[in-house]
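These notes concern the structure reproduced below.
As the structure is a prediction and not an experimental result, all values here were calculated from the model.
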Amino acid sequence: MASFWNMSIVVLVLLFGGSKADPAAPPRSQLDVNHKKPLQTFRPYNIAHRGSNGELPEETEAAYLRAIEEGADFIETDILASKDGHLICFHDVTLDDTTNVANRTEFANRKRTYEVQGVNVTGWFVVDFTLKELKSLRVKQRFSFRDQRYNGKYQIITFEEYILIALYADRVVGIYPEIKNPIFINQHVKWSNGKKFEDKFVEMLLKYGYKGEYMSEDWLKQPLFIQSFAPTSLIYISNMTNSPKVFLIDDTTIPTQDTNQSYYEITSNAYLAFIRNYVIGIGPWKDTIVPPKDNVLGQPTDLVARAHALNLQVHPYTFRNENQYLHFNFYQDPYAEYAYWLNEIGVDGLFTDFTGSLHKYQEWTTPYPKKEKNAEALLREIANMLKDDGY
């Protein structure tokens, strides 16, 4: 656990005044990816959904540090904006479910009702709070059946803090941020010079050197997938960055939030052929790929095959260890679910709440290949052994 807390200190030093004169400040070489273990690309990606949120409150520094310790290839987050225009890591547009805002009497009058994706929602909205106010809140575990011991211990973090967590890892760790609810954010948060949420999002990525097409030298140094349920946002930012993008696809009953297109339209061959000009993959809800009935999986659809035929990756979501999320086919065994999706369905990455479980499964079944020693290295080793024996 030492690395977990050391990295936490590093991030704090960076954000709150680390300098060359400060002995606690980490050397710049810690960001030198040439001396880090590279991102693995020989097997499907382990994507830490909101960090290791099966164990710790979602999208907190602790959840991301734990996910990195447990072997995540990418740490995933949702990006929203505060009232004063700061980008934060938070999933819901309301604060109700995962913070202590309801217990803060000074914020009692902030409760509002807004239309979100065509539905009236009432609660305490992120866009009605400044960053300072959001930082004063504390995060809690979303699900009552998960560990509650860490409730109240962690703050909401900014997009910048999240990026630094990845950059200061002791190996190359990718980031996987989502442009979350862009229409709602652009309605309620205004930036100078007519800039939009998407502009600020890309500016932050470019500030920290994230660039390059998938598998390019730049990308391998700082891996990134940009995701969104809003196709117009992905198309808009394609003029600002060539980093790979993933089009998220919701349940079959939910239309796109910006273009009001049905699931069946956006998964048609014609639409996939269109969107592939802007994205490198799709991220569908897993039950739309293999629809269940009475908690038993039916026949897989051909979505993965059709996406692969267009050279699109498929990163389904969300994989969770708890019994209530495992279909009967898997006999309460999350490893059986991983085996099915990786071996039979053949996806290219998985969003999981339990990074450690997926990492263990992949290390058991597709471990890192052992490096073969060349002839020269073998001869040197033999010579050293003979020398040690007195020859």
Side-chain angles (χ1 to χ4, degrees), residues 3 6-8 10-11 13-15 18 25-52 59 61 63-79 87-89 157-180 198-228 233-234 237-246 278-281 283 313 315 348-349 351 355 359 368:
S3 62
N6 288 344
M7 197 186 303
S8 179
V10 165
V11 172
V13 169
L14 276 171
L15 291 168
R28 291 294 296 174
S29 60
Q30 286 189 245
L31 284 176
D32 186 354
V33 295
N34 295 318
H35 295 92
K36 289 184 178 184
K37 184 178 180 179
L39 177 76
Q40 71 79 20
T41 56
F42 69 93
R43 64 190 183 194
Y45 295 123
N46 182 337
I47 306 161
H49 181 242
R50 308 181 203 171
S52 188
E59 307 204 348
E61 179 189 22
Y64 290 123
L65 293 175
R66 179 67 61 82
I68 292 170
E69 278 194 320
E70 292 177 333
D73 299 316
F74 288 83
I75 52 174
E76 187 263 356
T77 196
D78 305 275
I79 304 300
L87 302 188
I88 63 164
C89 296
I157 64 172
T158 65
F159 192 12
E160 193 164 20
E161 288 171 308
Y162 158 82
I163 287 172
L164 289 171
I165 290 169
L167 290 180
Y168 273 80
D170 59 1
R171 58 186 172 84
V172 174
V173 174
I175 62 172
Y176 209 129
E178 178 183 344
I179 303 171
K180 193 75 178 180
E198 292 90 340
D199 297 311
K200 303 300 289 186
F201 176 93
V202 174
E203 281 178 9
M204 184 63 71
L205 293 172
L206 295 176
K207 173 182 175 180
Y208 282 95
Y210 285 91
K211 60 184 179 180
E213 296 179 349
Y214 183 61
M215 287 297 178
S216 67
E217 184 178 350
D218 286 328
W219 187 87
L220 288 169
K221 287 180 178 179
Q222 293 181 212
L224 161 71
F225 288 111
I226 298 169
Q227 56 175 333
S228 185
S233 289
L234 296 171
I237 68 168
S238 66
N239 294 318
M240 295 183 276
T241 176
N242 62 350
S243 293
K245 304 158 193 73
V246 173
Y278 305 99
V279 305
I280 195 170
Q313 292 193 33
H315 300 171
D348 308 288
F351 289 87
T355 312
H359 184 70
Y368 279 85

How long is the straight-line distance from [atom2] of [Y] back to [atom1] of [X], given to the nearest 0.5 Å?
| X | Y | atom1 | atom2 | result |
| --- | --- | --- | --- | --- |
| Ile68 | Arg171 | CD1 | CZ | 7.0 Å |
| Lys207 | Phe159 | NZ | CZ | 11.0 Å |
| Thr158 | Met204 | OG1 | CE | 7.0 Å |
| Leu87 | Glu203 | CG | CD | 9.0 Å |
| Ile226 | Ser238 | CD1 | OG | 10.0 Å |
| Ser243 | Leu224 | OG | CG | 4.5 Å |

- Item | Ser216 versus Glu213, side-chain donor and acceptor atoms under 3.5 Å | no
- Message: Within the 3.5 Å criterion, strictly below it, is a donor on Tyr214 or Gln313 matched to an acceptor on the partner's side chain?
- Response: yes
Minimal non-hydrogen separation, [X] against [Y], with atom names:
| X | Y | result |
| --- | --- | --- |
| Gly212 | Asn242 | N-OD1, 3.0 Å |
| Gln40 | Pro44 | NE2-O, 3.4 Å |
| Ile157 | Glu61 | CG2-N, 3.9 Å |
| Glu76 | His49 | OE1-CD2, 3.6 Å |
| Cys89 | Thr77 | CB-OG1, 3.2 Å |
| Asp199 | Met240 | OD1-SD, 3.4 Å |

- Assess Arg50 against Phe351: is NZ or CZ under 6.0 Å from the centre of the six-membered ring, and within 45 degrees of the ring's axis? no
- Query: Under the salt bridge (charged side-chain N to carboxylate O under 4.0 Å, His left out) test, which residues partner Lys245, sequence neighbours left out?
  - Reply: none
Can you tell me if [X] uses its side chain to pair, donor with acceptor, with the backbone of [Y] under 3.5 Å?
| X | Y | result |
| --- | --- | --- |
| Glu59 | Asp78 | yes |
| Asp73 | Ile47 | no |
| Lys36 | Val173 | no |
| Thr355 | Ala72 | no |

- Arg43/Tyr368 under side-chain contact (heavy atoms from CB on, under 4.5 Å): CA gap, chis, key distance, verdict: CA-CA 9 Å; Arg43 64 190 183 194; Tyr368 279 85; 3.7 Å; yes
- Note on the structure: side chain to side chain contact (heavy atoms under 4.5 Å, CB included) filter on Thr41, not counting sequence neighbours, yields Leu39, Tyr45, Met215, Leu220
- Criterion ring pair (Phe, Tyr, Trp, His ring centres under 6.0 Å) against Tyr176, the qualifying member of Phe225, Tyr162, Tyr210: Phe225
- Query: Would Lys221 and Val172 count as a side-chain contact (heavy atoms from CB on, under 4.5 Å) if you check the C-alpha gap in whole Å, the side-chain angles of each, and the deciding distance to 0.1 Å?
  - Reply: CA-CA 7 Å; Lys221 287 180 178 179; Val172 174; over 6 Å; no
- Item | Residues forming a ring pair (Phe, Tyr, Trp, His ring centres under 6.0 Å) with Tyr278, sequence neighbours excluded | Phe274
